[in-house]
Amino acid sequence: MQLIQNLKQATADAIQSIYQVQIKSEQVLVNATKPEIEGDYTIVLFAFVKQLGKSPDELGNALGEAVMAKMPGTITAFNIVKGFLNFTISDQFWLDYIQATDANKLVTPTANPKKIMVEYSSPNTNKPLHLGHLRNNFLGWSIAEILKLQGNDVVKTCIVNDRGIHICKSMIAWQLFASGATPESTNMKGDHFVGDYYVKYNDAYKAEMETLIAGGMTKEIAEQEAPIQKAAQAMLLKWEQGDAETMDLWKRMNEWVYAGFDVTYKKIGSDFFKTYYESNTYLLGKDLVDQGLSKKVFYQKEDSSVWIDLTSEGLDEKIVRRKDGTSVYITQDIGLAELKQKEFNTDASIYVVGDEQNYHFKVLKLICQKLQLPASDGIYHLSYGMVELPTGKMKSREGTVVDADDLVDGMIQIAKEKTESLGKVDDFTAAQLEKLYDTIGLGALKFFLLRVDPKKKMIFNPEESIDFHGFTGPFIQYTHARIKSILRKTGTTVKQVGTSLLPLEKALAMQLANFSAEVNEAAEALDPSKLAIYAFNLAKLFNSFYAELSIANAESEDKKNLRIQLGILTAATLKQAMQVLGIEVPEQM
RNA sequence: GGUUCGGUAGCUCAGCUGGAUAGAGCGUCAUCCUUCUAAGAUGAGGGCCAUUGGUUCGAAUCCAAUCCGAAUCACCA
């Protein structure tokens, strides 16, 4: 849809030819005209009034005439109200647009596609996924799909945090308390099974501390001296030494967790082209430290630890290698960044990670740039806000974590009850019903988490179930199903779409024409909520249209054709917008 | 204390590259199913856009200060 762009260009050209002043087309602001005022698109004149030294009316008339002359057949009229120049677009323009648009090609691909990596999910293998992971997964997946839709080559990756002291805690607890139990023997999902032992560890740790403190020890010393804590540390050491028994247990328990994750990922529709394991990558970046030293990006302190001084960037000093020669989190991330770039030759790399790590990624990018690693300017931290409960932050120790599997199952259950109570799908088979409940339940959940600005923290109230009315996934799914239901009756063969447009028909066409631009904006801002809002507005507009105008029983054959085509385009656009949000739209519900 | 992010209707959020009377959804109240799916539509009510000052023809939007909240400033990941 080039109309707005053309309007800007024509305005800029008109200013150039009338006043001999160079204006870039991007400087021209085009808005949708307020409903009460005659016209479709509005140009704000004030921006140029001062620069050109003309009165708004004089300028508006001159520009109006000139732009109209440049776009014959497209613009039929203009008017000026209080410094706003309003253009009316001809019905024929929209009719041509409606007739010519291909429902299978709604988005024009970008002229310069890039190779972009999106890393998201990053689970720990000591506990199951929770609500926060869901926001991360939905966001990451959706961003990747939006970038793909825009025409980029996108690689989805996941880095699994599968090593470290927290994993050893689950392992120790399993050794101490499980008496050989397995997910199979207890009939549990593997990630939940292992997660339970992580909880058991913390319970035991707490109990041991209390005993020690009651015996006269201070809290600080007790924290160090608790036997289970010492055992976990000893196990980490053994792991690092490659002790066979420890490695076996570690592999075995991680396999349980992965089996559990697979089920969840499959259910929520997450997928990765490549998974990195921290156990393979945690030693990366060591050579880069040496390189950095010789490039004088890093410096060494007396105790031989290696640092970078970022005070000139307004940050602090940051250690990149301990005095004992071992590396830290940031070091392996630098190494991994280099590895990923080399492996996939990426132009850009997007990390979907919570905003608590803003500082870390700022430092990471700076260091990569200073080391002059390829494509380090393309490192981007997609920082999203935490999901909080009305009672505050989720805390696993206090049992206030909303489990991902529970939440998903709960949503599907609600979808089932709701659907059954409406009784509109009696002709569905059991398998179709199952599928429909999944679609609606997950649709509600995904939409709920994606409809807000990723940057902002959000509040989730488990007491109030997620709504199915209004600004929700099911509302849009319903609108889609409704259109499909009509199209099943009317057929989808469209001939002549007529010669005139009613206001609602025109409004719908205008909204449809915005889709491609919305996709670009969402991609630019890495913000799926823009498309969620767009889809909602489109659905709402269609529902008003639906309430007002009949499709199957339209007043003429032309009108019927026109509205069928609008229905086809609306359904396709809703489907496409929802698809990149990871939400399916049913044919019937 | 430094840095970053946020504060818009009772609640959850849009709007923030300055533009016409600040918008949705939920909740509340009222209307609309013998006519294409009421998970819908229509209307009412609800606001000192945290505060104060500044820039501007024009500020929710930009700047400064203040107040409130969060994150971070780890040789954890």
Side-chain angles (χ1 to χ4, degrees), chain A residues 26-27 29 31 33-34 36-37 42 44-47 49-50 56 81-84 86 122 124 159 161 163-166 278 282 303 305-307 314-324 326-333 354-360 362-363 383 385-386 388 390 392-393 415 418-419 421-422 424-425 440 444 448 451-453 455-461 464 467-479 481-490 529-530 532-533 536-537 539-540 542-554 563-564 567 588-589:
Chain A
E26 303 90 71
Q27 286 174 267
L29 208 60
N31 299 317
T33 304
K34 293 258 164 195
E36 319 78 61
I37 289 166
T42 297
V44 183
L45 294 169
F46 291 106
V49 164
K50 203 176 207 174
V81 183
K82 290 192 281 179
F84 296 89
N86 307 306
S122 21
N124 288 344
I159 169 97
N161 182 355
R163 63 164 285 279
I165 189 76
H166 49 295
E278 210 185 290
Y282 81 110
D303 66 357
S305 59
V306 179
W307 297 72
L315 305 175
D316 295 317
E317 295 185 327
K318 178 87 186 171
I319 192 164
V320 295
R321 189 166 75 194
R322 297 188 186 98
K323 63 181 175 190
D324 62 6
T326 57
S327 49
V328 293
Y329 175 42
I330 192 93
T331 320
Q332 63 165 289
D333 255 13
D355 62 6
E356 61 207 349
Q357 296 203 40
N358 284 353
Y359 184 77
H360 171 79
K362 217 173 182 176
V363 172
S383 160
M386 297 289 108
E388 292 184 6
K393 281 194 82 170
K418 181 86 189 166
T419 306
S421 75
L422 289 172
K424 289 196 245 182
V425 285
I440 297 172
F448 181 85
R451 70 179 193 181
V452 299
D453 185 336
K455 288 193 297 294
K456 294 196 182 176
K457 74 173 183 210
M458 63 185 297
I459 293 176
F460 175 76
N461 190 348
E464 302 167 14
D467 221 304
F468 282 49
H469 301 270
F471 185 23
T472 68
F475 170 85
I476 296 164
Q477 292 173 321
Y478 171 77
T479 306
R482 200 183 215 185
I483 298 170
K484 284 310 182 92
S485 164
I486 298 165
L487 294 178
R488 278 192 292 276
K489 291 181 178 130
T490 61
S529 74
K530 293 192 184 302
I533 293 165
F536 170 64
N537 285 328
K540 206 163 50 137
F542 183 86
N543 282 324
S544 300
F545 167 92
Y546 170 90
E548 195 79 20
L549 306 168
S550 178
I551 297 172
N553 304 311
R563 291 177 195 163
I564 288 172
Q588 183 184 344
M589 69 185 271

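Residue numbers begin at 1 in each chain, while the letters A, B, ... track the order of the sequences.
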query: Out of B:U72, B:U37, B:A41, which has the shortest distance to the side chain of A:Arg482?
result: B:U37
field: Integer angstrom distance from the C1' of B:G46 to that of B:C11
entry: 12 Å
field: Ionic contact status for A:Asp453 with A:Lys455, cut-off 4.0 Å
entry: yes
query: Using a cut-off of 4.0 Å on non-hydrogen atoms, how would the nucleic acid contact of A:Leu45 be classed: base, sugar-phosphate, or nothing?
result: nothing
task: Consider the side chain of A:Ile486, meaning its heavy atoms from C-beta on, and name the nucleotide among B:A24, B:U37, B:A39 that approaches it most closely.
output: B:U37
query: If you look at every strand shown and take non-hydrogen atoms under 4.0 Å, does A:Glu26 touch a base, only sugar-phosphate, or nothing?
result: nothing
query: Using a cut-off of 4.0 Å on non-hydrogen atoms, how would the nucleic acid contact of A:Glu36 be classed: base, sugar-phosphate, or nothing?
result: base
field: Touch class at under 4.0 angstrom, heavy-atom based, for A:Phe475 against every strand present
entry: sugar-phosphate
- prompt: Where the side chain of A:Val44 is concerned, which of B:A77, B:G19, B:G40 is the nearest nucleotide?
  reply: B:G19
query: So what does A:Gln357 touch, heavy atoms closer than 4.0 Å: a base, only the sugar-phosphate, or nothing?
result: base
- prompt: Just wondering, do A:Phe46 and B:G19 stack (centres under 5.5 Å, planes under 30°)?
  reply: yes
C1' atoms of B:A14 and B:C75, separation to the nearest Å: 44 Å
message: Classify A:Leu487 by what it touches in the nucleic acid, base, sugar-phosphate, or nothing, heavy-atom distance under 4.0 Å.
response: nothing
message: Roughly how many Å apart are B:C49 and B:A22, using the C1' atom of each and rounding to a whole number?
response: 8 Å
message: Parallel, tilted or perpendicular, judged at 30° and 60°: which one describes the rings of A:Phe460 and A:Phe448?
response: perpendicular
query: Closer to the 5' end of RNA chain B via nearest nucleotide, is it A:Asn358 or A:Lys318?
result: A:Asn358
query: Closest nucleotide of RNA chain B for A:Asn537 versus for A:Tyr359: which of these residues is on the 5' side?
result: A:Asn537
message: Side chain of A:Asp467, heavy atoms from C-beta onward: which of B:A20, B:A24, B:C26 has the nearest atom to it?
response: B:C26
task: Considering only atom P, compute the distance from B:U61 to B:G53 and round it to an integer number of Å.
output: 14 Å
field: Secondary-structure notation, RNA chain B, from Watson-Crick and G-U pairs under 3.5 angstrom (| other strand)
entry: ((((((((.[[[[.)...(...]]]].(((((.......))))).....[[[[[..)....]]]]])))))))....
task: Answer syn or anti for B:C29, where the cut-off is 90° from 0 on the glycosidic torsion.
output: anti
query: To the side chain of A:Tyr478, which of B:A20, B:A39, B:A41 is closest?
result: B:A39
- prompt: If you take atom types as modelled and just measure distance, does the side chain of A:Asp316 reach the base of B:A74 with a donor-acceptor pair under 3.5 Å?
  reply: no
query: If the sugar-phosphate is the primed atoms plus P, OP1 and OP2 and the base is the rest, what is the B/S/- string for nucleotides 8-18 of chain B, using protein heavy atoms under 4.0 Å?
result: ----SSSSB--
message: Give me the distance, rounded to whole Å, that separates B:A71 from B:U17 when you measure between the C1' atoms they each carry.
response: 27 Å
task: Answer with base, sugar-phosphate or nothing: what part of the nucleic acid does A:Thr419 contact at a heavy-atom distance below 4.0 Å?
output: base
- prompt: Which of these nucleotides, B:C75, B:A20, B:A39, is closest to any side-chain atom of A:Lys34?
  reply: B:A20
message: Categorize A:Lys418 for me: base, sugar-phosphate, or nothing, with a 4.0 angstrom heavy-atom threshold over every strand shown.
response: base
- request: Look at the side-chain N and O atoms of A:His360 and state whether any lies under 4.0 Å from the OP1 or OP2 oxygen of B:A77.
  value: no
message: For a quick check of understanding: with a heavy-atom distance under 4.0 Å over all strands, which category does A:Lys424 fall into, base, sugar-phosphate or nothing?
response: base
- request: Name the nucleic acid region contacted by A:Ser544, choosing base, sugar-phosphate or nothing; use a 4.0 angstrom heavy-atom cut-off, strictly under.
  value: sugar-phosphate
query: Closest to the A:Tyr546 side chain: B:C36, B:A20, B:A39?
result: B:C36
- request: Please work out if A:Thr42 contacts a base, only the sugar-phosphate, or nothing of the nucleic acid, heavy-atom cut-off 4.0 Å.
  value: base
- prompt: With a 6.0 Å cut-off on ring centres, are A:Phe542 and A:Phe545 close enough?
  reply: yes
